[in-house]
There are 2 protein chains.
Amino acid sequence: MNPVELIRKKRNGKSLTNEEIEFMIFSFTRGRIPSYQFSAFLMAGFLNGFTKQETAQLTRSMLYSGKVINLNSIKGKKIDKHSTGGVGDKASLILAPIVAAAGVNVPMISGRGLGHTGGTLDKLEAIPGFTTNVTLQQYKSIIKKCGAVLAGQTKEVAPADKLIYALRDVTATVESIPLITASIMSKKLAEGIDGLVLDVKTGSGAFMKSYEDSMALAESLSNTAKAFKKKVIAFITDMNQPLGNYIGNWLEVYESIKVLQGEKVDDLLELSLYLSGAMIYLGNKSKSIEEGIWIAGKMIESGKAFDKFMEIVKLQGGDLTYLMHPAKYPKSKIHEKLFANSSGYINTIDSFEIGMASLELGAGRMTMEDKIDPKAGIIFYPKIGQKISKGDLIAELFTDKKKSIDSVKKKINKAIIVSSKKKKPEQIIKSISDFN
Amino acid sequence: MNPVELIRKKRNGKSLTNEEIEFMIFSFTRGRIPSYQFSAFLMAGFLNGFTKQETAQLTRSMLYSGKVINLNSIKGKKIDKHSTGGVGDKASLILAPIVAAAGVNVPMISGRGLGHTGGTLDKLEAIPGFTTNVTLQQYKSIIKKCGAVLAGQTKEVAPADKLIYALRDVTATVESIPLITASIMSKKLAEGIDGLVLDVKTGSGAFMKSYEDSMALAESLSNTAKAFKKKVIAFITDMNQPLGNYIGNWLEVYESIKVLQGEKVDDLLELSLYLSGAMIYLGNKSKSIEEGIWIAGKMIESGKAFDKFMEIVKLQGGDLTYLMHPAKYPKSKIHEKLFANSSGYINTIDSFEIGMASLELGAGRMTMEDKIDPKAGIIFYPKIGQKISKGDLIAELFTDKKKSIDSVKKKINKAIIVSSKKKKPEQIIKSISDFN
């Protein structure tokens, strides 16, 4: 096969065969096709699209560029969740212990934060001692012991994805639904799962700003999961405002503990229960998502979910002291409060800017090399539709970077639009699609 | 400026400013943008197109990546011709002396052959001693002495084009009208011309197979010439059959001499007179193309054109012996004749295959490194619409490569379709557009 001919084929809007896709991915991954040819191929695919079958093959080729974990030796269903990322999205920390407590295995491989969104790995590592860097042997043994593992991606998982993503990042070929699908699914399918719950975010803080794009991505992900005979349920959920109130790594662990201990953080609790319910259902521990939600609620009320969280943290080397006594956690040098400078109804929140503000305080990174401050972040109170009065507490900022305070305050003030007109609160769950 | 943002802009179908195009071309040429970014940019431009203004700026940036020759010290107009290439197209060798004899300067920088089409440089170099490798000083002095120069492209001319073309060749981004335009015009504008006659070929042996594509390319080339305040006349001419009867380097020099000495080779003579007439007109030596054609005819009849050709060849180091006594030219080891195996009317000729057959005999090259045999080639007699009978002489083959004979015979036989139905002969001139 000739790479120029395959680039030309895609350029002309034709579909590539499985063998042709395989040739492109494998040859690029092994350094047999130079990056200038692969980037031309990516751009042609970006603009002319890939079919369902091509997307499945892109995924397959990227998946089998690395190791695929086999969890057949572990009894029971293995179900994971994938979120496309948002601001304040700590749902993974809440649902993994809930679902594991309900008897469904949760083998979860997560990523790090970049830009305005945080990453599950960074949040977990805010717990002193917690390691996400586990061997395949440890991965299996932790799941076997407690029904869940919260790990980072090893080098053996989908190495093609890493190479391709790095090239997409510098050639303006990131925002392609088939390419995003293959990138996500090649990693998720390597985990050894039976089913997957998808949380595709939509809104100002999400990767996909419109409902239509989010649904298109959800469908593409689900189609690909089905091509691999995995069960899948896709949620489209709101990201027009931060999820919960805590943004920043330790702050999000703290809020997760509160929810696991029964505190009613409206949107965050609702989302966690729905996603857990769907996972419990896919794990054959309930007859419906609704029954799964009911079970999930029971796991919180009974304290079993929190106990499971403690168990996971302990097995992965984390210090339980701070989970039991959060007040003992190290404090940021600066703790500033921000107050409303006008009265009215919260109309819109630019969640992207809130995420960037948190990053500026030290909670995030712009490049993969940046270091994160686990203590830094924002407690952000406003919710769309809420009435506020001038002087009300809007946000609390935690940082060691004194210089960032003024710019962050400006960012947050600019991100909140207050109007005299009432506005309906956002629904956290926009849609649930059972593609099975 | 950020290359990723500019790739994204073009990817999203937006137009780039002159400064942005300049940034991309200059940065790539100077090695500041990696080829994987530039190839993604090329593919985005290939699929989303470039406007007239962008095309002019692509040309400008590529032109000024190198030296622009100034011929102001030479009196009179400087007019060149550019052909998009075809099989048996030796018109440059005929029109340069005709037009120079008529008092218009012809500063002509040509290229080498690749694939099924020959190159003017290779044809000229079939004349022993002839050098196309001249310095800028020689270039000017030859023009000053005889009114024409037939040179090769130096390294100083449009170096950006060389780099970009090499990348386009391996990333399936060649067949883009704006990119073709910038490639051709950046080199032509570097010659120091006042005007340009374009010969855009259309048909089975041409780069552009359809009339519509040929006209689109002619328009794009003309628009760009006008953006640089150059006069331009564009011809669309037939390439559904080889031009004249001789294909191969020395064979084409030989046929050119015949035409310059007054032999009536129908299509080749007609094309040469038309193109010469347009050049004489653009050079202000006639009031119309028609008057220019009349003058061109006079230059042949009077012997002035042939004398001018001898003068040019002598000034560029060529041995005149073979021009005066072609029979003295070295002979190929093999001279085979090919006869018709059926009777009827010539319906279609796959000129691409005829060009490839000539290449196989040694007259062309597949890669720029291949060596050419100047003696090799084909005398090809059939013309569309002609009646032939079984046993008629179709072609004479000249080669030193005995092994190629069988395959070439097969190729030629397959390339000619004979039908019992009469067919109208092809018109060589399909259209003339004066874009001034």
Side-chain angles (χ1 to χ4, degrees), chain A residues 1-16 20 23-25 27-29 31-50 114-115 162-180 207 209-210 213 366-367, chain B residues 1-16 20 23-25 27-29 31-50 114-115 162-180 207 209-210 213 366-367:
Chain A
M1 272 183 260
N2 177 341
V4 184
E5 286 312 312
L6 299 185
I7 301 169
R8 180 173 290 120
K9 198 171 172 185
K10 184 40 73 189
R11 184 200 80 187
N12 291 345
K14 304 241 169 67
S15 295
L16 269 60
E20 289 169 339
F23 172 81
M24 287 304 287
I25 302 279
S27 302
F28 173 62
T29 310
R32 290 185 205 148
I33 291 181
S35 48
Y36 54 78
Q37 286 188 323
F38 203 76
S39 67
F41 175 71
L42 288 171
M43 183 59 83
F46 186 103
L47 289 169
N48 286 336
F50 291 100
L114 189 64
K162 269 199 207 77
L163 286 167
I164 294 170
Y165 190 85
L167 188 59
R168 285 168 60 204
D169 194 36
V170 294
T171 54
T173 48
V174 168
E175 309 92 327
S176 151
I177 285 179
L179 296 175
I180 294 169
F207 192 64
K209 310 290 179 209
S210 79
D213 286 349
M366 276 310 289
T367 75
Chain B
M1 271 183 262
N2 178 341
V4 184
E5 286 312 312
L6 300 185
I7 301 170
R8 181 173 288 120
K9 200 171 169 183
K10 182 44 69 189
R11 184 200 81 188
N12 290 345
K14 304 243 169 68
S15 295
L16 269 59
E20 288 168 340
F23 171 82
M24 289 304 287
I25 302 280
S27 304
F28 172 61
T29 310
R32 291 185 203 146
I33 291 180
S35 48
Y36 54 78
Q37 286 187 324
F38 203 75
S39 67
F41 175 72
L42 288 171
M43 184 57 84
F46 186 104
L47 289 170
N48 285 335
F50 291 101
L114 189 64
K162 270 199 206 75
L163 286 167
I164 294 169
Y165 190 84
L167 188 60
R168 284 167 61 205
D169 195 36
V170 293
T171 56
T173 49
V174 168
E175 309 92 325
S176 150
I177 284 180
L179 296 175
I180 295 169
F207 191 63
K209 309 289 179 212
S210 78
D213 285 349
M366 276 311 289
T367 77

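Being a predicted model, the structure only gives us computed values, none of them experimental. Each chain gets a letter, A, B and so on, in the order the sequences are listed, and its residues count up from 1. These numbers come from the heavy atoms of this one structure, side chains and all, not from hydrogens, waters or symmetry mates.
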Within residues 36-43 of chain A, residues adjacent to chain B where the heavy-atom gap is under 4.5 Å:
A:Y36, A:Q37, A:S39, A:A40, A:M43
Measure distances from A:L6 to the heavy atoms of chain B and classify the residue's part below 4.5 Å as side chain, backbone, both or neither.
neither
Assess whether atom CE of A:M366 is packed by more than 12 heavy atoms of other residues, nucleotides or ligands within 6.0 Å.
no
Tell me, for A:N12 versus chain B, whether the close heavy atoms (under 4.5 Å) come from the side chain, the backbone, both or neither.
neither
Which atoms of B:N2 are under 4.5 Å from chain A, going by heavy atoms: the side chain, the backbone, both sets, or neither?
neither
Which one, A:E175, A:R11, A:R8, leads in non-hydrogen pairs under 4.5 Å with chain B?
A:R11
May I ask you to name which of B:D169, B:V174, B:T171, B:T173 has the most heavy-atom pairs under 4.5 Å with chain A?
B:T171
On a heavy-atom basis, which atom in B:V170 and which in A:I7 lie closest, and how many Å separate them?
O-CD1, 4.1 Å
